[in-house]
Q: 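One structure, as structure tokens, below. Some questions next.
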Protein chains: 2
Amino acid sequence: MATRSRRPERRQEPLSRERIVEAAVELLDTVGERGLTFRALAQHLSTGPGAIYWHITGKDELLGAATEAVVAAAVAVEPSGRTADSPEDTVRAVALGLFDATEAHPWLAMQLAMQLSRTPWATVAPRIFESLGRQVRAMDVPEAHWFTATSALMHYILGAAGQNAANSASAARAGLTGGDVDRDAFLDTVSAAWEALDPEEYPFIRAVANQVRGHDDREQFLAGITLVLAGITAHHRPGH
Amino acid sequence: MATRSRRPERRQEPLSRERIVEAAVELLDTVGERGLTFRALAQHLSTGPGAIYWHITGKDELLGAATEAVVAAAVAVEPSGRTADSPEDTVRAVALGLFDATEAHPWLAMQLAMQLSRTPWATVAPRIFESLGRQVRAMDVPEAHWFTATSALMHYILGAAGQNAANSASAARAGLTGGDVDRDAFLDTVSAAWEALDPEEYPFIRAVANQVRGHDDREQFLAGITLVLAGITAHHRPGH
DNA sequence: GACCCTCTGGAACGACGTTCCAGCTTGACA
DNA sequence: TGTCAAGCTGGAACGTCGTTCCAGAGGGTC
């Protein structure tokens, strides 16, 4: 009765794994990984912690499901687009999808690392691997080198996306509202910190310190993709 | 007095940041990240949790220091060796140092991701970046491309090392004592799981499923390094 | 001997993940 | 329509964690 009077007309849409994961992603985006607790999640869903455990085994599965949901949406850029694109361009599209996802969800990078560390070849890696592998196959790479080439691509993408998500997260943290000003200020801070390093111990970093100012992460990321793709074609093209 | 009777002759060597970090690494290696608690660490050092906080600000710093200690030891392979090696070989040596470190310390991969996520260009990344950058400079890469080439190398290495550490950790977990038998069994499991995937959704993975059997992680890792190096030389060599 | 500063380690606090369970809702069957 | 089991809910409670607090030991200096 009391519950009836609080939700008079329609009963609140029932709890479901889907709704829980969706709320978890929202909580991760807004308050960060440290803010995602079962109590906060329960309050967000107007329920108690116990109810959540009926749908989800524990926090590991919750984080895994949130990660997979975001990655699945990110990798899905491939099939719908015009199919006339070259395999290289499709690789860039998939890679950029993941890159943007890690930028939109700063928690994604570490969760990806954790997922891959816990269940390496289970949930999320095959999705990415498959998506990239199809393009490698569409290039002129002999079958014996499919695995190596696809692995190299995936490893670069995951490593770079993680690192760059960290950058934008830090930049956004420095000034609260993410903007170009904050980003430039962040890059200035990094550049200054690099120039202040010990010249004996870090000569190379000091030499490239000024290059970091005004650099575009996306552009940098794509340049790396191009570089790996060049390595694939140079090393595996027929006639080699 | 009671303490005197328990440690009769030499007073126990005093607590220090160094000793704490060393014990933390040991605890991480033996019981995993979930086993590293301040209580267990205190017991391991025959003290209480409060004493540790005099030397270390919190768990973040503890994990960061443990990560940096292990990485510093891993990257230190470069200077002592014979200097007649080619830059490419030195890159391989540095990369293998990190690869082996993540294999010896399965917790390292995720901690690296976390460190890079929290303080991106602070503690540990510059060390790796510097080590790789020197070799890139020693190759015939024009200065404008130093940053891109070094970044690509570092991203691939971190991504691949993390993924492969995950593999060996899972393989070791399947059978308790890590051995070739367990590893083969693990690869068989992965291969079988891949072949059982939906042919509609994962055609590529099914096609390479059998390639995974008997594959050597180190060899695979080095093949990726070679591939990225080939991309660097193909894309940045003079006359391009 | 009195003092202070560095360092210790046990107790205590708040928050977390997780478990437990009493009770509500719902649909099927008599 | 009444009854009952199963699905589902949510609040209370448990154990453990990171962290803080603090009374006091140790060792050097006037």
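Values below: every heavy atom of this structure, side chains too, minus hydrogens, waters and symmetry copies. In the text below, chain A, chain B and the rest are named by the order of the sequence lines, each starting its count at 1.
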Q: Over how many whole Å does the gap from B:His44 atom NE2 to C:dG9 atom P extend?
A: 15 Å
Q: Looking for any heavy atom pair under 4.0 Å, which part of the strands does B:Leu36 touch: base, sugar-phosphate only, or nothing?
A: sugar-phosphate
Q: Which distance, rounded to the nearest 0.5 Å, do you find between the CD1 of A:Ile157 and the CD1 of A:Ile225?
A: 4.0 Å
Q: Picking from D:dT19, C:dT8, C:dC16, which would you name as closest to the side chain of B:Phe38?
A: D:dT19
Q: Rounding to a whole Å, what distance do you find between A:Leu15:CG and C:dC24:C1'?
A: 15 Å
Q: Closer than 3.5 angstrom, by distance alone: can the side chain of B:Thr189 be matched with the main-chain N or O of B:Ala185 as a donor-acceptor pair?
A: yes
Q: Whole angstroms only, please: what is the CG-C1' distance between B:Leu62 and D:dC17?
A: 14 Å
Q: Can you tell me if the side-chain N/O atoms of B:Trp54 get under 4.0 Å from OP1 or OP2 in C:dT8?
A: no
Q: Between P on C:dC16 and CG on A:Leu41, what's the gap in Å once rounded to a whole number?
A: 12 Å
Q: Is the gap between the ring centers of B:Phe147 and A:Phe204 under 6.0 Å?
A: no
Q: With a 4.5 Å cut-off on side-chain heavy atoms, are A:Val70 and A:Thr102 touching?
A: no
Q: What integer distance in Å separates B:Ile20:CD1 from C:dG9:P?
A: 11 Å
Q: When the aromatic ring centroids of B:Phe221 and B:Phe99 are compared, is their separation below 6.0 Å?
A: yes
Q: B:Ile52 CD1 to D:dT20 P: how many Å, rounded?
A: 14 Å
Q: Using a 6.0 Å cut-off, check whether atom CD of A:Glu195 has over 12 heavy atoms from anything other than its own residue.
A: yes
Q: Of B:Arg34 and B:Ser16, whose closest DNA chain C nucleotide lies nearer the 5' terminus?
A: B:Ser16
Q: How do B:Ala51 and A:Ala51 order along DNA chain D: which one's closest nucleotide is nearer the 5' end?
A: A:Ala51
Q: Hey, what's the ring geometry for B:Trp194 with A:Phe129, parallel, tilted or perpendicular (30° and 60° as the breaks)?
A: tilted
Q: Listing time: all N or O pairs from protein to nucleotides 12-15 of chain D that are below 3.5 Å?
A:
none

Q: Between C:dT8 and B:His55, is there an OP1 or OP2 to side-chain N/O distance shorter than 4.0 Å?
A: yes
Q: Side-chain N or O of B:Thr47 versus OP1/OP2 of C:dG9: is the shortest distance under 4.0 Å?
A: yes
Q: To the nearest Å, give me how far apart CG (A:Leu45) and C1' (D:dC8) are.
A: 15 Å
Q: Tell me which of B:Gly58 and A:Gly48 sits closer to the 5' end of DNA chain D, going by the nucleotide each one is nearest to.
A: A:Gly48
Q: Starting at CD of B:Glu61 and ending at P of D:dG18, how long is that distance when rounded to a whole Å?
A: 15 Å
